[in-house]
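Right, one structure below, let's go through it.
Order of the sequence lines fixes the chain letters, A, B, ..., with proteins taken first and strands second; residue numbering starts at 1 for each chain. Remember, it's a predicted structure, so these values are computed and weren't measured experimentally.
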Amino acid sequence: MKHVPLTEDNQMPKAFDPQAVEAGWYARWESDGLFIADANSENRKFTICLPPPNITGELHMGHALNHTLQDIVARYRRMAGYEVLFLPGTDHAAIATQNVIEKQLAAEGMTKEQLGREAFTARVDEWYRNVGDTIVSQDRVLGISLDWTRLRFTMDARYYRSVMTAFVEFYERGWIYRAPRIVNWCPHDRSAISDLEVEWQEHQDTLYFIRYRIEGGGDVTIATVRPETMLADTGVAVNPNDERYRSLIGKTAVLPLVGRKLPIVGDDAVDKDFGTGALKVTPGHDPMDYEIGQRHGLEIVNGMHDDASMNVPGLPYDGLPALDARRRVVEDLKAQGFLVKEEPYAHEVGHCDRCHTIIEPLISDQWWLRMDIMRDKALAASEAGKVRWHPERYERTYLDWLRGLRDWNIGRQLWLGHRVPVYYCGNGHKIVTVEAPEMCSECGSTELTQDPDVLDTWFSSALWPFATLGWPDETEDLKTFYPNDMNSTAREIINLWVSRMIMTGLEFMGEVPFSDVAIHCVVQAADGRRMSKSLGTGVDPRDLIQNYGTDALRAWVASVAMSTQDVRFDESRIEGYRRFCNKLWNATRLLLSSPGIQSSDRPGALEVQEHLEDRWILSRLSHACGVVTAGIEAFTFQESINAAYAFAWNEFCDWYLEAIKDRLRAGDIVAQDIAFSCLDALLRFLHPFMPFVTEELWSRLPGRSDYVMRNPWPQPDFVDPRAEEEFGQAMAIVEEVRGHRQAAEAPPRGGRLQLDGSTGKTVASLAARLAHVDLVEELDRGTPLVTAVGRVSFPAGSGDSRREKERKRLEEDLAKLEAKLANEEFQTRAPAGVVKNLEERAEATRSALARLTAGE
RNA sequence: GGGCGGCUAGCUCAGUGGGAGAGCGCUUGCCUCACACGCAAGAGGUCGUUGGUUCAAACCCAACGCCGCCCACCA
């Protein structure tokens, strides 16, 4: 395939323009099928299933970060010879989407109840079609190399069937059951939500102390922040070890305002030191009370409707919203002399993480999934080292949660989501099947109604690593690409999502769904606040791409994503990476402008390494490439991008290209080829981080066809410690001469440098050339050097203001070194290598000082 | 209440036992035929506090102080 750079002429513009460079590449990669995975490939496989964003969402910084990380790994693996499947998809986001549709309906003066469930579902489907893949399409702008032929949606027919299958399989194992329990009830969504979907916020409330009379004389005072729930009290509990109350156990209290008789029970769960030490027991509205009630056989009263209004027929509070009822109850208690006192009280109150409504714990019949067996398998898998976490410490977060895991409330009382596949016939039979049944399997009745509940969104997400590949069918994809290799997420969904994928993967596929989990950091606003749309603190990645280019954004992401702490957004660092793109652009431009370059890429030229700088840069290239590779493999992307940046800018551009400029102009084939070889490798190992600019520049190199992303990962292995040592000497001398030149206010070029035999001829002449001075045999007057034995002088300029300062620095260094060397314990206990190193440094400092002084 | 992470240059962050680093910002000099989105030379830090371990601590340990996150059925 003949490859043509995007801009046809080879006259490269002087400055890098991200918009122009990024414009066409993605479409070409995609249309040439570069991201399509071949299940029949002979290569080793590498799979990532992109965490599905909510279909209603907009691309934000978190996506940019997470998707970029995965793309870095995917592109790297492709170049390293793997058959990579990087699968995209979206999540139906039940509660979020339902809220959106309900708002639309409200704007039209309608409710979903008026519309009816079927019409509502149709409306949702239409919405999904309209929103379609806009969210994931934005990944194209980010350059994410996803296999779009395998795009999945959690509400697709195929995926739906996977979810139903999972439910039925769990059901048939006897792990799914229906039972009344206290659940987190969202009165706005009128649905239960799981513990993990509850958001806790501190509230300043009031703690009310209320006196309950005891039959046969006396009374007991309890404390509560939710006095309205007392209307559903069915008992009073005290700690059996509490001297104050022990004698009350077995007696009966009388509920104020209601008159209900409340057995007084003893239970260890009661904290003697909280409030009064006596607890009102409301099994219908508090998880702990529910358990106490179960232990003592207390009655359960449900005192609330599903919209959080009171359900207390016959009482004046019936139908009131909870907070209104609270006020009335408190007033009445006060009026009747039952309210002992009120205290300000700060505590955590649960809110729905989707709509932020205050959660009401209440008793409800729900679908539950038994977790103990899956939990134990997951724990065993971790013990066997099947899943590696990056950074490692998150494994503990996960394991701690897992160990305390309880059954999962998988039912939701929404209209949107995967419908529970349970059908009831008119004769009281229950049918649980993947496909909707025609008739009752037991009595043949065709009057069937489906259970109204839908499943928790995370139930379907839990199946992502294999349901996307076709499970339960044994598809080619499933056989080839399961297990996945990597999962990358923010830490906030480790328990919601990652843990559940691991459990279902082990259960249904018999293997953990991925071997590595990368947990990336969170980008905060520049002032340290959370980035959020509602706070107005969000930064739109698309604006950054507009201003600095995708490559700059991605390089920055790589430099911060795996940071141990959350990072504050810092635009100047992104700008820095745009300048880096520009640097690469211009380095390429320099090489392409050297004479005779179009016939370059002659095999063999690389074998000639007579020049010190050539050997040096090739050695440094091998080093840099090794660091970049190791960084990606270890999920420490910052090490990769830092090494690539430093090599490209500080070594290749600042030193090597400067050193070979004359040779380039003279058409030196060796210099050209070594420079091209370095640039070629550099563009390749930068490609996963900065795909657009590297593809563009690489396409302009002579003799390069096809795409850089389809070329092999570079593995240079030229290591030459002696060249690195010698070139290092030259660098030190050049920097010192430049320093003297500036201090002497001498012109930028000219002057004479004399070096004695201790500096090799190659090093001496290279240093002189780069420092723009003439190398001479003899030099009587001039500034003595510190980095080598020799002197430098300049044609014009005033004295040497640096000397005193330099002397002071050297003297201080020497004093420190000598003090340490004089320490006997150091001499005897420190490793020999450390002592030797210090001795050498001391000697070098002494001779530098001597040279400085001798010159006076 | 339990756990985790952070505190390093003016700002944002790397570094994790033996010579304090980067980007941006700042100072000075340069439009040197790749790049002023640049080149060169600099200034700037008792590495949160206090103890301990060690010949040696930014780095290991302990306590404390702030900042942030996760988990938790004390009304």
Taking only the [atom1] atom of each, what is the distance from [N] to [M] in whole angstrom?
N     : M     : atom1 : result
B:A63 : B:C26 : C1'   : 39 Å
B:U53 : B:A62 : P     : 15 Å
B:C11 : B:G44 : C1'   : 13 Å

Classify the angle between the aromatic ring planes of A:Trp556 and A:Phe569 as parallel (below 30°), tilted (30 to 60°) or perpendicular (above 60°). perpendicular
Would you indicate which nucleotide in [options] comes nearest to any side-chain atom of [X]?
X        : options             : value
A:Thr397 : B:A36, B:C70, B:C24 : B:C70
A:Leu657 : B:G18, B:A34, B:A41 : B:A34
A:Gln565 : B:C69, B:A14, B:G18 : B:A14
A:Arg579 : B:C35, B:A75, B:C24 : B:C24

Please tell me if A:Tyr548 has a side-chain N or O lying less than 4.0 Å from either OP1 or OP2 of B:C37. no
Among A:His203, A:Glu197, A:Glu199, find the residue that satisfies the side-chain hydrogen bond (donor to acceptor under 3.5 Å, both in side chains) test when tested with A:His351.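 Testing each of A:His203, A:Glu197, A:Glu199 against A:His351, the sole residue satisfying side-chain hydrogen bond (donor to acceptor under 3.5 Å, both in side chains) is A:His203.
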Any N or O donor-acceptor pair under 3.5 Å from the base of B:C35 to the side chain of A:Lys583?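 Under the 3.5 Å cut-off, the side chain and the base do form a donor-acceptor pair.
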With no angle test and no hydrogens, is the base of B:A34 tied to the side chain of A:Glu658 by a donor-acceptor pair under 3.5 Å? yes
Distance-only donor-acceptor check, side chains A:Arg579 and A:Asn582, under 3.5 Å: no
Going by atom types only, do A:Thr221 and A:Lys341 share a side-chain donor-acceptor pair under 3.5 Å?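 Their side chains do not contain a donor-acceptor pair, so the 3.5 Å distance test is not met.
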Given RNA chain B, 5'-ward residue of the pair A:Gly576 and A:Val560, judged by closest heavy atom: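 This one resolves to A:Val560.
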Measure across A:Met562 and A:Phe635 and return the closest heavy-atom pair with its distance rounded to 0.1 Å.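 So the minimum-distance heavy-atom pair works out to CG-O, 3.1 Å.
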Hey, which of A:Leu399, A:Ile494, A:Thr397 is the one that makes side chain to side chain contact (heavy atoms under 4.5 Å, CB included) with A:Trp389?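 Answer to the side chain to side chain contact (heavy atoms under 4.5 Å, CB included) test with A:Trp389 among A:Leu399, A:Ile494, A:Thr397: A:Ile494.
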Using the 3.5 Å cut-off, write out each protein N or O paired with an N or O of nucleotides 28-32 of chain B and the distance between them.
{"from": "B:U28", "atom 1": "O2", "to": "A:Gln742", "atom 2": "NE2", "distance (Å)": "3.1"}

